[in-house]
Amino acid sequence: MKHILIIAVAVVAAFTFASCSTTKQTSQKTNATVTGASDSYEAYILTYYPIAVEQMHRHKIPASITLAQGLLESGAGKSTLTQKSNNHFGIKANNNWQGRTTTTMDNGRMCEFRVYNSARESYEDHSQFLLRPRYASLFKLSTTDYKGWARGLKKAGYAEDPAYPQKLINLIERYKLYEYDKYSKGDISSALGNSSGSTLSGSRPLYLSSGLLYVVANNGDTFETLSSEFGISRRKLIKYNDLYKEYNIKAGDIIYLEKKHSKAGKEHRFHTTGNGESLYSISQKYGVRLKNIYKMNPEYESYSPLKVGDVVRLR
């Protein structure tokens with residue numbers, strides 16, 4: 001009898017996994033509450049709106065829709081799938097997906113979801129997901145018609161939840177996300193530039209360097225306070241910034257909110273050092289992981305100051 005029970009459980013598990021893996025990609029349903037949202041919702045918006053606006057100008061998808069979907073699907077960035085896999089939109093992995101995957105429970109079934117290297121990669125893949133013929137009718141709408149987009153997503157089969165359109169609309173109107181649909185590229189140049197940041201509701205400036213979001217630390221900032229403010233675990237903040245657990249954050253430190261790149265862009269092949277620079281400060285300046293900088297420059301000590309005029313390879 002015991003053996004029969006084990007076999008039966010195995011068969012059920014195999015069936016639920018198979019039924020999920022053969023299903024076309026759909027968004028992961030969420031129980032995130034729209035009303036009475038905590039400050040983590042605003043923190044999420046402040047962190048990712050530059051990417052959403054950038055995607056709008058690149059692919060003609062309303063920034064308000066992208067942000068609302070990200071908020072809803074990821075629970076304002078706090079879902080396990082988002083925290084561990086950078087998957088902000090609950091996009092499942094099908095047979096055409098060549099990247100990494102993770103397996104987790106979704107509506108009583110074990111399903112495979114896509115794993116991304118960064119939030120930016122997740123946002124870009126979400127745009128590519130909507131560029132399929134299935135959603136072609138949506139692109140006939142204006143990027144300021146967020147209600148039409150919200151209803152059109154449900155009509156095209158993006159989500160099973162009948163309340164999905166209204167949940168998106170509620171988020172958009174509660175947080176005035178429609179304002180981002182009016183943003184031009186120039187309006188977000190400060191948020192997407194390297195020298196100045198963007199603020200909303202008195203929050204700290206956010207910056208984008210080499211496609212990576214970061215903040216400049218203030219007096220009193222710790223890994224714990226930044227983790228609470230941006231919904232990113234303390235462990236990830238330490239890892240993203242090549243730091244150690246006991247490090248005390250100082251005012252002026254660059255703190256990345258995403259994993260750094262393995263090498264700099266093609267326009268930055270080398271860096272000529274100035275006074276007081278180290279491989280670490282250069283890795284933060286260009287958003288390149290320290291271990292990669294060190295591999296490319298084994299003749300230098302990782303945290304030691306370099307001589308003025310030293311040339312450091314970046315790719």
Side-chain angles (χ1 to χ4, degrees), residues 27 30 32 34-35 37-78 82 86 88-90 118-131 135 138-154 158 164-194 196-209 211-215 229-231 257-258:
S27 69
T30 177
V34 173
T35 57
S38 67
D39 288 344
S40 62
Y41 276 66
E42 186 173 354
Y44 184 94
I45 295 164
L46 291 171
T47 301
Y48 298 112
Y49 86 84
I51 301 178
V53 173
E54 184 184 44
Q55 291 294 309
M56 176 177 69
H57 286 286
R58 183 179 297 172
H59 301 296
K60 308 303 180 185
I61 300 168
S64 61
I65 288 292
T66 299
L67 284 169
Q69 286 190 285
L71 283 166
L72 190 61
E73 301 288 351
S74 74
K78 293 186 178 295
T82 303
N86 284 313
H88 285 246
F89 301 93
S118 67
R120 172 177 287 277
E121 189 176 310
S122 177
Y123 271 67
E124 175 63 27
D125 195 48
H126 168 262
S127 295
Q128 294 300 325
F129 184 85
L130 293 183
L131 287 170
Y135 302 102
L138 293 172
F139 292 87
K140 297 177 182 179
L141 303 174
S142 167
T143 53
T144 59
D145 185 7
Y146 63 87
K147 291 182 179 179
W149 271 82
R151 293 164 182 153
L153 283 167
K154 174 65 177 69
Y158 187 93
Y164 190 79
Q166 195 56 49
K167 287 180 179 179
L168 294 181
I169 292 170
N170 288 348
L171 279 170
I172 290 169
E173 295 181 345
R174 179 182 179 87
Y175 293 100
K176 298 182 180 180
L177 302 182
Y178 48 76
E179 294 292 345
Y180 297 115
D181 296 337
K182 304 172 186 177
Y183 274 35
S184 67
K185 291 182 179 180
D187 290 329
I188 61 165
S189 60
S190 61
L192 293 174
N194 292 330
S196 60
S198 172
T199 60
L200 265 182
S201 303
S203 296
R204 75 173 70 219
L206 296 168
Y207 303 87
L208 201 67
S209 175
L212 300 172
L213 284 162
Y214 71 91
V215 295
E229 183 175 351
F230 294 104
L257 305 178
E258 300 180 88

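Along the sequence shown, residues carry numbers from 1. The basis for the numbers below is simple: all heavy atoms, side chains too, and nothing from hydrogens, waters or symmetry mates.
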Which residues pass the ring-ring contact (aromatic ring centres under 6.0 Å, His included) test with H126, sequence neighbours left out? F89
Could you list the residues that satisfy side chain to side chain donor-acceptor pair (under 3.5 Å) with [X], not counting sequence neighbours?
X    : result
S64  : D181
S127 : Q55
N86  : none
E179 : none

Minimum side-chain heavy-atom gap [X]-[Y] below 4.5 Å:
X    : Y    : value
L72  : Y164 : yes
T66  : Y48  : no
Y178 : K176 : yes
I65  : T143 : no
L131 : F139 : yes
Y175 : L67  : no

Nearest 0.5 angstrom please: [X] [atom1] to [Y] [atom2], how far?
X    : Y    : atom1 : atom2 : result
L177 : L171 : CG    : CG    : 7.0 Å
I172 : Q166 : CD1   : CD    : 10.0 Å
Q128 : I61  : CD    : CD1   : 8.5 Å

Test side-chain contact (heavy atoms from CB on, under 4.5 Å) on L168 and Y146; report intermediate values, then the result. CA-CA 9 Å; L168 294 181; Y146 63 87; over 6 Å; no
For K147, what residues pass the side chain to side chain contact (heavy atoms under 4.5 Å, CB included) criterion, not counting sequence neighbours? D145, R151, I169, E173
L130 and L153: CA distance, side-chain angles, deciding distance, side-chain contact (heavy atoms from CB on, under 4.5 Å) verdict: CA-CA 9 Å; L130 293 183; L153 283 167; 3.8 Å; yes
Side chains of H88 and Q69: do they bring a donor and an acceptor to under 3.5 Å? no
Least distance between heavy atoms, [X] atom then [Y] atom:
X    : Y    : answer
Y44  : S74  : CE1-OG, 3.7 Å
G148 : L138 : O-CD2, 4.3 Å
P62  : S142 : CG-O, 4.5 Å
E73  : G90  : CB-N, 4.4 Å

Listed by chain and number, what are the salt bridge (Lys or Arg N to Asp or Glu O under 4.0 Å) partners of E121, not counting sequence neighbours? none
Spell out, as yes or no, whether a donor-acceptor pair under 3.5 Å connects the side chain of T82 to the backbone of K78. no
